[in-house]
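These numbers come from the heavy atoms of this one structure, side chains and all, not from hydrogens, waters or symmetry mates.
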Amino acid sequence: MTTKDLTEQGKTNKERENLLEVKNLKMYYPIHGGFFKHVVGNVKAVDDVSFSIKKGETMGLVGESGCGKSTTGRALLRLLKPTGGQILFDGEDITKIGGSRLRKTRQDLQMVFQDPYASLNPMQMVGDIIAEPILNFERRNKKELEKYVKSLLARVGLPESAYYKYAHEFSGGQRQRIGIARALALNPKLIIADEPVSALDVSVQSQVLNLLKDLQQEFDLTYLFIAHDLSVVKHMSDTIGVMYLGNLVEVASNKDLYSEPLHPYTQALISAIPEPDPKLRKERIVLQGDVPSPANPPTGCPFHTRCPMAQEICSQEKPPLKEVRPGHHVACVLY
Amino acid sequence: MTTNAATGPVKEPDKSLSPWAIARRKFIKNKLAMISTVFLFIVIILSLLAPTLAPHLSPIPDVTKVNISKMNIAPNGDHLLGTDKSGRDVLTRLLYGGRISLLVGASATALVIFIGTLVGSIAGFFGGAVDSMLMRFTDFVLNFPFLVFVIVLNTILFGIIDGLWVLIGVIGFLSWGGVARIVRSKVLAEKENEYVLAAISIGCSPAKVIVKHLLPNVMSTIIVQATLLFASLIIAESGLSYLGFGVPQEIPSWGNMLAYANEPDVLQGKPWMWMPPALAITFTILSINFIGEGLKDALNPKSLR
Amino acid sequence: MVKYVLRRLLGMIPMLFLVSVVVFFLAKAMPGDSLSGEIDPLNTNPEYIAEMREKLGYNDPIPKQYLSWVTGFVQGDFGKSTRYKMPVSDLIMEKIPNTVFLALTALLITYVLAFAMGMYSGRKPYTLGDNLIAGFNYTGLAIPSFVAGVFAIYFFAFKLHWFPFAGSVDIEVQNGTIDYWMSRIHHVMLPAFILGLFSTASYTQFLRNDLIENSRKDFVRTARAKGTPIGKIYNVHILRNSIIPLVTFLGFDIAGLMSGAVITEKIFSYPGIGLLFLDSVNNRDYPTVMAITMMLSALVLVGNLIADILYGVVDPRIRLG
Amino acid sequence: GDKNESSGDKTNDGDKDSGKATEEDAGPQQGGTLTYALDAVPEGLYSYAFYGIATDAEIISFFDESLIKYDENLEPIPNIAEWETDDNQHFTFKFKEGVKWHNGEELTVNDWVFALETLADPDYDGSRYTNVQDIEGAPEYREGKADSISGLKVVDDYTIEVTFDKPRLNNLTNIWSYPMPEKAYEGIEVKDMSSSDIVRKNPIGVGPFKVEKIVPGESVELVKNEDYWNGDVNLDKVIIRIIDNSATVGALQNGDIDMIAIQPVSGPEVEKLDNVEIVTAPGLSYYYVGFKLGKFDNAQRKIVEENPKYADLKLRQAMAHAINRQEWIDAFFFGYGEPVNKPVPSAHWIAADDSEVEVYDYDPEKAKELLDEAGYKDVDGDGFREDPNGEKFEVKFSHYATGNPTFESRAKAITQYWEEVGLKASVEMVEVNLYYDMVEKDDASIETFFGGWSTGTDPDPSGLWKADEIWNYPRYNNPEADALLDKALSVEEVGDDKDKRKQIYAEWQKKVTEDVPMIFIAELDEIMAVSDKVGGFEMDVSGTNNPAEWYVQGK
Amino acid sequence: MTAKQATTKQTPLLEVHNLQTGFKIGKEYFNAVEGVSFNVERKQIVGIVGESGCGKSVMSLSIMHLLPQGIGKIRGGEILFEGQDIVDHDEKKMNGIRGKDISMIFQEPMTSLNPVFTIGYQISEVLLNHQDLNKSEARAKAVTLLKNVGIPRAEQIVDEYPHQLSGGMRQRVMIAMAIACQPKLLIADEPTTALDVTVQAQILELLKNIQEVNDMSIMLITHDLGVVAEICDVVLVMYAGKIVERATVEELFENPKHPYTQLLMQAIPKMEEERERLATIEGLVPAIKDMPAVGCRFANRCPKAMPECMQVTPQLGESAAEHEVACLLYEESWPKEERVGAR
Ligand SMILES: Nc1ncnc2c1ncn2[C@@H]1O[C@H](COP(=O)(O)OP(=O)(O)OP(=O)(O)O)[C@@H](O)[C@H]1O
Ligand SMILES: Nc1ncnc2c1ncn2[C@@H]1O[C@H](COP(=O)(O)OP(=O)(O)OP(=O)(O)O)[C@@H](O)[C@H]1O
Ligand SMILES: [Mg+2]
Ligand SMILES: [Mg+2]
Ligand code: NI
């Protein structure tokens, strides 16, 4: 609101442009071993991922547990230092910056976290939790600040009285709203929502999803929406990226992906989702086995170990992400 | 939109207890812990008031003066706990001794907690090379056999610095390793919680993350550790004094008073000289331990999440 | 595993080196000439002292002195005790069996008692028995060991005549006979109990709490769902989990008991390392003090290693490699 | 100097006559075991030639003996050997025949020669060379210039002539009188002797008991020597146990131990026990409060500096008068001691009578007077006296600290006496080893200090008092006094005349007491707690009687 | 499916009548399950859905007598297993049933296995508890079981520890353990919630197969309506300790009656249809301490609530009808105009 400057306001009306561009992002976690705790290997949590998000749109990221979704999200916020690649935010490469520059950039980049129970400091009052990001960047009159925070609370659907309470007094859904309010406080351009509803009941999940949608419209927000539930992602996103073992295997628009999934993994994923309709009981593609360890990924296509359509070549070459239809990217030798 | 409606329990808007307040309530409900707190409080007050109280409790309130004519008197009306081998009033010395024993325990604890928390939280928060370096150093310090090093260091420093502070410093410097480790592991565990990431993402500096977000959450562990340490350092003081490597003899402390039990004639013949400090130590430690247990229960984070 | 142990042992070297540096400088900081017992303390002839100092290298630069001390040390030459006029290594070898025996007995008593009481308390928390055990534990934790020791002598030795009040063995029995060992056990029981009192109390309490905590774990529910009798659940499923931390304490105990023995050995006039150490400090027998300090430091390291190895052995989740 | 371990043969019940546990008994009984306790840990050097501390000597005395012993006047008398001399330089010793070592070898003069040569050996690592250095040729032997000591002339197995470098009155009392079993040491280099088994594990002697077994640091088992040369041994066995101080009373009461030399502090408690008697004998040690009067230069072996603070004699006298020694002794030594007025323990034959020396009785008024005279007056009204220049004056009193908590209070008590006469005083407790280091090196922080001396059987006080001796801690520097000490030893001056010698020493004592380089505080009794079942035990100033005569009843 | 063939003649495998289970809070007991009644027929898969905290787990644990000791207690009702009331069975009698006739798998495959025993040991244990086998036989059988649940390298896996397995594998191990003695009833408390969709599909597939092969009944607890639709025959919808609706799976999804059920269904985003807004249910399931004594427990969150809902407690019919609902809107006695009929 107040912190938004006018030139940017102007831009939003123009043709939608990329707010975030990720090029060949790599994020390896070192594995320490031996007595001297030297690096003995790497967990390739994110291995060469590229995508971009347009201003005002939502990019969804799905994939199974451990495939590197959170890591991607955290790397974008520079909560982690990427091993390689570029992150262009608003045209600026933020991979290498640090210190105060980084902190400034973070004003525009915020995150909503997965675990509503762990993402709020239990020792802080809700009011302080939401006010803290603001105080980190500017001095504010106390009264004014309180008013602002309360307006945010109201906006996310919490009573003003929540200001003086502590997180433990709230339910999961309410906590998630507090987390959203905190992310909103700095009036960011991009919000990374890392599985914001995974821990919630369906009834509450829908509240949060609705809220996020409303806020997007109201504040012209851009989302990177991470979830493991394809139906939720589909509900929220304009484009969807499917991740598998640190790789982006398919990126497509919402509609394309569902109507015409290209990658065998995406197909299996969609088919595995139990439809809440007994009439739709169908033959499913049931994948065998589990996701391999990213510390020791298979050679070639990461999916070939479980792929029902795997060919010989799959185990040798890693297929790059190609645009096979307009706006539909896939990394598979089949295309 | 439906989501705009207030969903919180609107019934009781004023009920908002901070985690500390909740812990306090729970602690107050714990009878044993409360009795212990009161007891410890009384012990502390009595010790602090020693100079004021002494003249009322004993005809010879001077704890340092030797009274040859009043030596080895068994407890009687004048000397409620008798006198010791220097003709000093045992009760008076008990009060003064409490000051020193508690002071040594408390200051050493404070020192230990300070160093331990500093090292542990920095190592835990930053991880990587900083962590390995600090933890190696911690291991190194932990490697010193405590008693042995205290004795050696105390012998060296004896007479160079005021004896009491030597003791506090030496005990403090040798004992922080455990706290550092515990704080580190707690910080590591706590760091996994997303609120730490959240704090970084909203632009908090590392120092602020540690001080404002991590430490309050690790504090419960630190407090519990502190009580345990307080107890064990009081025991350490008395043990060292008993062996003759603790508080300088001219300063009354419970340990120094207990050292009389070393004398061949005291143990069986003059129990009033060593029983009071022995009981004082035992009950003080007992109450501190109970307080520690109470705090552990009260601060149990499971009650919050 | 063997490789792991070897690597860990190798890793101790830098640590021992640092410790040795510290010990060396501490010794240097102590008043008097500390590195050797070679100078006759009764001979005050200045020429003699100067000559000996030169001969023994006290006038060398510090690093050189350190080097010669540490090389001697590595080769098992800990110097000569100024007090006992014999090689420190012999002195230590003479005392160490006693302390080891004491420590092992203490360990045994500790673990037997802690297991018996902890199991009982953990299975029947908040009962009378549990409260009694808790009472014992809290007292054990609160009474300084020397008070407990002095008390124990008073009651068990002088009043009840159950145990001897001093020494490690009755001198009149023949070495190596059954009587000899019985006498040693008889002598060691009381000090060992006092030495282990604190650990006994804390382990009992630890085991109890851990049992209670583990009994709430999901896998206990699974075991019950399988129809496993509750006794077996406690004795097998829960205990096996609770043992893990306790067993690893064993490693730390080794060093802890050795240095903890200082007070106990003094009270019971039990001739071991602790008493030797105290005696050496009191008599400024620096070579002995240094050797014992180094030995105990090394022991702490070994104890840690043992703890880690035990951890790997009892906990399948930790793999050593 | 702790050489008072030789045994005497005459009873002296001491002034605290509670002893003589044996009087009414029918007579010595044969057999039985005696448990003798020590409250300190021996170092384990079980040889007179090598031991370092009195605890070891106490054990050695059960199984080994000296060639000569001392009566209750500390006069040497023959034991295994007799001697003759005309000039106090040439001595002829005659050994008893048939005295056997525990290994069966017979004791001959060669064993003694062996002992003396060992002590004079450059590799010898004990501290007793002083006891042989006066023998003619010993220094040369030590320097390697001779392969035997020229002053030793073996006449036959039982006769030896010893020549000293010059005549001295104390040559006999000074010479090393403990033979070593040469055969047993065969093949052991001198430098290895102190660590050899014969010293540490299987020591042998000629005494009434044989060492059967040693548990280091804990106990020693001795059995009757059937071949004892000097009559029958009553006891079958002696067990020596090391116990902690704090267990003394309990162990005595329980009968776990039969005998132990106790500290005065245990006295009252032990006296209360029904089954234990206390036997005392006057000791040869005394406590003092020293003044640091100067600084000693170790290299030049002389006192090079005077310390002005306590230079005023009247100040020192006043400080001496201020102390109520009787009260102090009763309080801290429970009556097991007496005020001492001179630098020689009263039991010693050279001790002067109190009438011959300057006595500083407790007299605070006199002390104040003296201080007033000397100009130490309270000019600023703070209750304490300032020095003659009006500067603040504070007496600093140092005392050694061990684990013993009473040290601090007894030191404090002394300063309180001084404060009562208006001298501000403070105590500094210094860790005991450091303390003696500081005292010896004349550390600036030592002004007045507490100390204790144990004198030996040799009456000569030179080692502690002459200006060129490092152990002259007060740095007492009076050439007249030194001259008297020299004179007392000079054969030309004194000859055989003991009275004359004593007279010179008395003069010297008077001089010292006049100069007050130290305030003599107390001489203590030796105290032995002895179980009722023990008989035949006696003790005097020269030590206990021969353990061969001890026995136990009722077993 | 199998359900319909089996219903008629035989007694139901499990009959639960008016089950009440309470927890001690402070000194008082509060019911987490309040008068629940239902049947499980042989070879039937019964799904139980509801929000978190509405008593699904407590109910299933009550059947197994696995409530936390000293805190949770069955306070009334009957549980008839094959016609026999097991409510008053002591621990020993229950041990004869648990693992043999009724077995259970849990939500958290990570913590439900004992970390310090091998997989083989843990599977053998249930066999040794109930069958007269020696150790090596039990082990051999464990290998077979592991193979049956589709674990590769079964011979090696038996000697491994739980931490060496992935979540899906652990859940398979749990299933292997549960079916070891060919129980008649398997209670599965959210067996797939912690798993990824692809793995969830595997496990559901497995459960279906096993059910068919072993002829057992399954009580499947879940909060995922998709899962219910996938494999269940009959569905119970629970809310706040009560069953609010019961129907065959087709009927329920076709025609959800209770407002709660309706909202639940509308709250989930569906793949095949585009919905701008999702339905929401405001508020929370009340804590067991705050349950209203009378009235519909859903009333305070129900968009269709009437004043009467606060005063009259709706009852679920006990008939074996295909579709039962506990809501005043469907009570015949209620004024027609305010009733919401079938759409
Ligand atoms: N701090 C870390 N150190 C080492 N490895 C890590 C770390 N954090 C994550 N990983 C590993 O990186 C991989 C990707 O993790 P990430 O958290 O990004 O997965 P995710 O897709 O978010 O999974 P989920 O759905 O469970 O949240 C995983 O294999 C994980 O084990
Ligand atoms: N041990 C317990 N002590 C007290 N209350 C309990 C306990 N266990 C469960 N409850 C209460 O019982 C009610 C029902 O819990 P239950 O675990 O059956 O819910 P659920 O339907 O299984 O939910 P979820 O989907 O989260 O597993 C809840 O309100 C819960 O708070
Ligand atoms: Mg994640
Ligand atoms: Mg549940
Ligand atoms: Ni709305």
Side-chain angles (χ1 to χ4, degrees), chain A residues 30 32 36-37 74 77-79 102-104 106-107 109-115 117-126 129 132-134 136-137 154-171 173-174 177 179 182-183 185-186 192 194 206-208 210-211 214, chain B residues 1-23 127-129 131-133 135-136 139 189-209 211-220 299-305:
Chain A
H32 295 278
F36 296 102
K37 294 276 183 299
R74 287 172 190 181
L77 238 117
R78 282 298 315 282
L79 294 174
L102 179 60
R103 284 183 45 204
K104 265 217 130 54
R106 285 199 178 132
Q107 279 184 285
L109 271 166
Q110 283 297 302
M111 191 150 180
V112 177
F113 294 89
Q114 169 172 5
D115 187 346
Y117 296 87
S119 59
L120 302 179
N121 185 347
M123 296 291 164
Q124 271 185 311
M125 257 182 353
V126 168
I129 292 177
E132 191 175 10
I134 302 164
N136 276 340
F137 293 99
R155 184 63 203 83
V156 297
L158 291 172
E160 278 194 0
S161 62
Y163 190 95
Y164 295 105
K165 293 193 176 180
Y166 289 84
H168 65 88
E169 295 170 68
F170 295 92
S171 69
Q174 288 170 322
R177 289 166 196 256
R182 170 174 60 194
L186 284 172
I192 295 166
D194 186 3
S206 57
Q207 295 169 13
V208 173
N210 286 345
L211 174 65
D214 296 342
Chain B
M1 278 175 333
T2 49
T3 45
N4 276 350
T7 49
V10 210
K11 296 166 267 172
E12 335 147 73
D14 51 352
K15 178 201 103 183
S16 59
L17 289 177
S18 76
W20 294 120
I22 293 175
D131 184 26
S132 355
M133 226 177 63
M135 284 339 274
R136 275 299 123 97
D139 286 348
E190 212 50 47
K191 217 173 77 170
E192 287 301 304
N193 282 327
E194 287 173 330
Y195 71 81
V196 177
L197 280 179
I200 301 172
S201 76
I202 58 174
C204 294
S205 61
K208 193 169 174 197
V209 176
V211 172
K212 218 173 147 197
H213 294 273
L214 282 173
L215 284 188
N217 285 288
V218 179
M219 199 46 83
S220 61
L299 293 169
N300 187 351
K302 273 182 197 147
S303 62
L304 285 185
R305 297 230 172 103

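Residues A/N121 and B/Y195 approach most closely at N-CB, 3.5 Å, considering heavy atoms. Shown here for A/A118 and B/N193, the closest heavy-atom pair between the two residues is CB-OD1, 3.2 Å. Nearest heavy atoms, B/P19 versus A/P122: CG-O, 2.9 Å. The minimum heavy-atom distance linking A/N136 with B/G203 is given by the pair ND2-C, 3.5 Å.
For chain A, the option among B/S205, B/P216, B/A199 with the highest count of heavy-atom pairs below 4.5 Å is B/P216.
When heavy atoms are compared at a cutoff of 4.5 Å, B/K208 approaches chain A solely by way of its side chain, counted from C-beta outward.
Looking only at side-chain heavy atoms (C-beta outward), A/R106 and B/I202 stay at 4.5 Å or farther from each other. Considering only heavy atoms from C-beta on, B/H213 comes within 4.5 Å of A/Q124 through its side chain.
Summarising the geometry, atom CD belonging to A/E169 is positioned 9.5 Å from atom OG belonging to B/S18; distances are rounded to the nearest 0.5 Å.
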Item checked: A/M123 vs B/M219, side chain to side chain contact (heavy atoms under 4.5 Å, CB included): CA-CA, chis, key distance, verdict -> CA-CA 10 Å; A/M123 296 291 164; B/M219 199 46 83; over 6 Å; no

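Screening residues 194-203 of chain B for salt bridge (charged side-chain N to carboxylate O under 4.0 Å, His left out), with sequence neighbours left out, gives A/R74-B/E194.
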